[in-house]
Amino acid sequence: MDGGFLIATQLSSLFQTQPVSIPLHTARQGVPLPPPPHDSDPPAEHATYSSLLHTPVTGTILLRVLHGGLIIELVSLSTEVPPIRIVFPAVVIPSPAVFLWESSELHVIAVTNVGSLYRVVIPVGMGRELWRDQADNVWPCEYLISNVAGLEEALVHVQGTHCVAIALPNGVLMRLETDYVGTGSGVDWMETVFQHSSFLSSLTSFLPAINNSPSNGSDIISMATHPWPTDVGHIWTLSRDRTLRFWKAKIGCVTSKTLSPLVNGKESSPAPGTSVNGNKLLLAPTHQTLLRVFSTDPDEDHIYVLAFIPTISSPSSGGSFRLLNTPRDQLYEIGTIECSTNTAHCHLQDFMVIGNWLYTLWDRQGQSIVEKTIINVEDGTFNSAPWHVASYAPEPELTPAYLEEQLLSPGSLTEKFYEAIMRPGMFSALTLRTAIDQYTDSCLSLPGPRPPQLSVTYSTLGEHIACVVGCTVNLNRDPKTGAFQHANYWNALKRDWEGFIARCREVERSARWPLVLGAQDQGEIIVVERERVGLLVREDLPVHIWRTLVRQQGSLDPQYDLLHILWTLRSGVGPQTMLNFENRLMDLVHQETAFSYADIIKDQAQRSRFREDLDEGSESWIIGRLQSINDLGEATHAVLDVIGGFDIEVKREEDEVELLLPPPNSDWSRALTTSYIVKSVDARYDLALSLVTLLFFLSEELAEWDPALLAEIFGLYRGVAMLRYVVRQPAGVCAEPLTISGDFLTPDDVASQMRNMTVTRNKPPVASTSSIIDCLLAQSSDTHRYPGSAHRFLDHAGLLQVTSPANATSQEVVFCEKLRSLRFYHVAWELLSWLPRTPGASYVLARLYIDIGRADDASELLEKIAGCFGLDHPLTSEGQQSLKWVLPVVDSQFSFYLHASTLFHNASLVHHEVLFAELAISVAPPVDTSTLWHTIIKGQTDLGLFDEAYASLMATPYETLKQECVSQLAYRMCEDNAVETLMSFNFAGLSDEVQDALAFKARNVDPRSLPSWSKVLYTWYTRRGDYRNAALAMYQRARKVQDLIYDPSTFDSLAEEQLDAYSIAINALSLVDPKNAWIVLPVTPESTHEPRKRRKLSRHIPENRYAPGKPDAEIVHLADIQYDHVLLSAQIDIIQKDLSVLSSAEFLLPPSSIVLRLAQSNRFNFAMATARSLKVDMTDLFTHLTGQCLRLSRNPDAVIQEDTSDWLLTDKVSSWPGTPADRGWRYLRQSLQRHDNAETDFKYTKATLETIMSFDRSSPPPPWLIHILEENHHEYLIRINLRYENLEYAIEHTLSLIRKSDARLARDPPQNSSATWLPYTLIDQVLIAASAQDSSPPRLSELQSEITNRVKRMQKLSQFSQ
């Protein structure tokens, strides 16, 4: 366990937010575009170079070079600050570096292949905020290097913030130095070029016979300096010819030493990638990490150089380390450290010295291996120490053979393969995204029509993979038989999935390529790969035993001999048998058993024929080994302790400091804890499964075993299996943090997004494939070391502390509740299916049912749980312990029902909320239950259960609650078109509240909306015989609709609504006593400023009119409503006949204009009826009618062609005899008789006569017309004839007037002087006009005689009366 093992996590799964990008520019002219990527290049998001910086101020910062050297990314591994990216205009030459300057700035120093040296200064925020919100304050500075020849193949080593070394071809070293004292300084660098040899050696290099060194052997492939910060400015380089050179700042190369390629005292043979030139074996030309410089004392006076000489072709090791001392600027080799045999045919990626430990990072076929050994340079005993190897824990590879094994278990092919690739830790999100993009491009390149799945945009990465993979595989028919070729289809689909998985494996292999080592805090070793960052951690006991058994290397403690036997037993069982056995075991643990475990195991073992799969030799060996164990029960308990046990941590001083000042938690550390938990759970599950396998092997002997021990074994297996299921579930969208919607973006967010529009935004962000465990860890703030944090999580989960599967412990119930609260419903459902239905588990299951919408099932469970709180069924201690952790304080059925009702309320499940509120009331103690009654009434109302809601409303003992809820009930019933049901309710004692509520809606709601509150209120009043208020409701509706008629486009519908309201109001008010047929309206400011002038209605002015808060009232009689109805009906008729009226601003015509328009359109019947109802003068109407009669007399054909349907062509008029002119004059006569009388002073008859005389004075008027005026207005006939100079008719009418007066006097003696009155003045005018004529009118003399006789009679009558 000394070597430990590696755990790692993918970087693409850590940060869900896009990194901030800072693009840089160059002042150098003619810079070529970056080269296009090649197919052999790693994916763009895979790092080609990495380095680590750890300081107390910043924590651990990872520098990564991405996109083929165009982007440098800084990732904080100690905080949750999102990464920041620096985009360069040219390719960055390895190796850039990042430094902390004076605890306030991060300096990124890099050299590009076009000869630009960049210093990017990033301010560091307070409290490890690093570069958060500092993107605008980043200061980049570019220096153009003068000596740019050979930079494409150069090697860069950044010594610190002030010095950069560049190794040029032929062993030339260029040193760049500057003085940086703060932002704005250090812009110019001083360049110095050094040669590694003298002038004479340079000359002799041109002589092949003299010079034995190869031409490119002096090329530098590795450089090293003393770790920063330091005052040592020396540089050490290693060339291809294994020459180690020592360079000083001002002098250059001062000494050199050639290192021999001896391995175990023998010269090694050439390896692939090396070349032999002359007599020297050259190292590979690629730049490598082959040098490290370190010192053992803090004063840096004693400096050592550790050089690595690779021997890849050696079958014994990968190379050796040469340790050199550097006293007085000299190089002395003081020893060799041989690498272990595990490194044979491996490539060294990096190494480092921390204290007395040498750590090495090896690449073994694309996998990372870390080895460490002790070196004590002072004692010189560094070559005898053993190497400790650390690698990743065994994990399954998705090879075709492994996939075939997965298909042996039940389930579909797609489901099995999809579950395998989405398992947390198997492939990173970036790997899956890259693979599906490659797969899509491959499908698009195929001939034929494009599958529709390739053109769809998917919301999640998992959905994208599930829909696209296999979309090109079709189910075909056999061309001969026509049958479906299902076998071919499944084979093709399987090959397609295997091809996609192969792509994922290839990309993931590149992602796991090791790059560099690092250290943090108390010497924790970090392993950086292209797309993963891992950590060297200590093994816990289950992992140690598991790895030992899997690798079959090393030996276990004698007390764990049983585990070795169990592993051998499990390994001897075939894959198919083991899968069947595991499935049977899962079914067994899921069920609640009624028999002993010994009997159940015996029955299952006989059914499965478990032992038949073992060969006889293996079975005998296992039986013999089991017999060698003294106490099998004690050994079994020891195995249980390994599976379910946790390490006891020893507190250190550092831990105590962390308790006082805990370090900040980070996504990376939490992900590593998740990875550790996954490996520990996998190890425990395999060991537990092996232990259960033993029980099936010994099924015939289990009757002698302690039943408690068997129960404990199955209980522990259940807990481990549940944990294994959880750690294999991806978090999916629930693990992703909430993002700000575009509707709530602040200006700063928009600016940040605009600034980040760089080459890294070409693709959508990858989704997280992290485990559910990561979400659970995020709920805690555990920042302790490994494996302590992992063991604390497993301990708190409580799944490994089960003593019997018959019980569900409180920790198990709480664990399921956590998963449910995090919205991992399918996982919580699965775990609850493993647990017995205890009250606590049932409660969590009920909560889960509520979350997924199965309200009926949740209600049934909660009702059963409520029975546990009754007096007859008190909770047991176990039930109380199970419930108290997941259920709030509940001590009675009432409080439980109340809590259940709240749960359904929060889930908007009203029906069940009401149900449990009713149950709560049924068992309620003497407390205030008004809230529950309100819940019931409101819930039943919302559900449309109006009969029940009314019953509850009338049953509640709270009057205030009744008054509050009755209006809502009435509103909802009307909105749900249940008006008839509303009217059927009595509402005893609450009718006024209902009436007020309906009246409020009728007054304030738009009359166009549904329901029509005015009609509902009208129905309410009529059902109760209150016709006056019913009429008032509809009249108010008509007035409200009238206020809305301002748009011609809506006139038709609104006017009909208003007319209908007037009609209903008239009908209702007609049922009232005619003496009291009126309604009262309050006068509001709006009604006094209406858009059109209304009739003047009567006002009721009470005595307290001027009292505060007493509005005036308007009295509307039945006749007023009828008047409004007729006016509106006429307006509608006019507009329907002539739509052009709507084009005018005042399309609602006044009454006089309406009558005139009707008359002009020959609609005399309707015009007269309207004028009579609206009390409009009909003079113009009869004038027009008389003109039509005159036209009939003169030119009947012209009039007949017009529309005369409303007067000449009615049934009554058309039945009259005579010509149309005769019928027209008869129609005029009857109309005058009907509408003209003494009340109108016969003005219509006068207008008719005047119209006739103005038309043709020579023609005599109709006799009946003259007769009417003679009977009622004789003087008018005389005057009209005088006006039109018809003296003959004037004389005739005067004679008639005198004779009629004389006849009346002769018949009735006068009672007063007025009885003998005649218009003598008018008669004088007739006489004067007649005398003025040239020829006297025929009857003038007769008139004069009559007047003379009249005067004489009046004189006699006067004398007689005296």
Side-chain angles (χ1 to χ4, degrees), residues 395-396 398-423 426 490 494 497 546 566-614 643 678 681-700 702 710-711 713-729 799 802 805-806 812 826-836:
E395 59 181 354
L398 301 187
T399 60
Y402 177 82
L403 295 176
E404 284 289 346
E405 290 183 7
Q406 297 301 307
L407 295 179
L408 297 177
S409 59
S412 67
L413 181 148
T414 302
E415 178 186 356
K416 291 295 181 182
F417 287 176
Y418 178 82
E419 180 183 353
I421 65 172
M422 296 303 293
R423 186 178 303 163
M426 180 62 67
W490 290 117
K494 176 184 173 184
W497 268 99
W546 176 55
L566 299 179
W567 195 263
T568 305
L569 171 62
R570 180 184 170 186
S571 302
V573 180
Q576 180 66 58
T577 304
M578 202 64 200
L579 283 174
N580 295 335
F581 166 70
E582 195 170 355
N583 293 332
R584 285 177 176 271
L585 189 59
M586 290 293 180
D587 296 337
L588 175 62
V589 178
H590 273 76
Q591 300 173 4
E592 295 187 12
T593 59
F595 302 95
S596 65
Y597 282 104
D599 295 337
I600 294 174
I601 295 173
K602 183 178 180 180
D603 177 70
Q604 292 295 325
Q606 291 175 353
R607 291 173 180 269
S608 62
R609 299 179 179 180
F610 178 77
R611 299 183 67 164
E612 293 181 3
D613 200 50
L614 290 172
I643 299 173
V678 171
V681 169
D682 286 341
R684 296 169 192 266
Y685 178 80
D686 284 346
L687 298 179
L689 183 60
S690 301
L691 180 59
V692 178
T693 307
L694 175 65
L695 299 183
F696 277 71
F697 183 79
L698 301 176
S699 59
E700 299 293 338
L702 292 183
L710 295 177
I713 293 174
F714 276 92
L716 183 59
Y717 174 79
R718 185 187 73 183
V720 177
M722 292 170 66
L723 280 174
R724 180 172 176 265
Y725 174 80
V726 172
V727 300
R728 290 192 168 196
Q729 301 304 311
L799 300 182
V802 182
E812 289 177 311
H826 67 289
V827 181
W829 174 279
E830 179 64 25
L831 295 190
L832 288 171
S833 67
W834 294 63
L835 302 180

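Just so it is clear, the values below take in all heavy atoms, side chains as well, and ignore hydrogens, waters and symmetry mates.
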Correct closest heavy-atom pair for L831 and V726 would be CD1-CG2, 3.5 Å
How many angstroms lie between CD1 in I713 and CD1 in I643, if you round to the nearest 0.5 Å?
8.5 Å
If you apply the rule side-chain contact (heavy atoms from CB on, under 4.5 Å), what do you find for M586 with W834, and how did you get there?
CA-CA 9 Å; M586 290 293 180; W834 294 63; 3.1 Å; yes
Please determine whether side-chain contact (heavy atoms from CB on, under 4.5 Å) holds for the pair L569 and L614, giving the CA-CA distance in whole Å, both sets of side-chain angles, and the decisive distance to 0.1 Å.
CA-CA 9 Å; L569 171 62; L614 290 172; 3.6 Å; yes
Report the C-alpha distance between M722 and L835 in whole Å, list the side-chain angles of each, state the deciding distance to 0.1 Å, and finish with yes or no for side-chain contact (heavy atoms from CB on, under 4.5 Å).
CA-CA 10 Å; M722 292 170 66; L835 302 180; 4.0 Å; yes
Donor-acceptor pairs are to be reported for all side-chain atoms of residues 407-417 against protein atoms at under 3.5 Å, with residues two or more places apart or in another chain.
from	atom 1	to	atom 2	distance (Å)
S409	OG	Q406	O	2.9
S409	OG	K416	NZ	2.9
S412	OG	E415	N	3.1
K416	NZ	P410	O	2.9

Is the backbone of L579 close enough, under 3.5 Å, to the side chain of N583 for a donor and an acceptor to pair up by distance?
yes
Do side-chain atoms of R724 reach the backbone of R684 as a donor and acceptor pair under 3.5 angstrom?
no
Tell me every residue that passes side-chain contact (heavy atoms from CB on, under 4.5 Å) with E405, counting only those two or more places apart in sequence or in another chain.
P575
Candidate pair K602 and L702, rule side-chain contact (heavy atoms from CB on, under 4.5 Å), full reasoning:
CA-CA 8 Å; K602 183 178 180 180; L702 292 183; over 6 Å; no
Any side-chain donor near an acceptor of the partner, Q576 and N580, under 3.5 Å
yes
Salt bridge between E395 and R423, side-chain N to carboxylate O under 4.0 Å?
no
Okay, side chain of T577, backbone of V573: is any donor-acceptor separation there less than 3.5 Å?
no
Where is the tightest heavy-atom contact between I421 and W497, given as atom of each residue plus distance?
CD1-CZ3, 3.9 Å
Of all the heavy-atom pairs spanning I601 and L695, show the shortest one and how long it is.
CG2-O, 3.7 Å
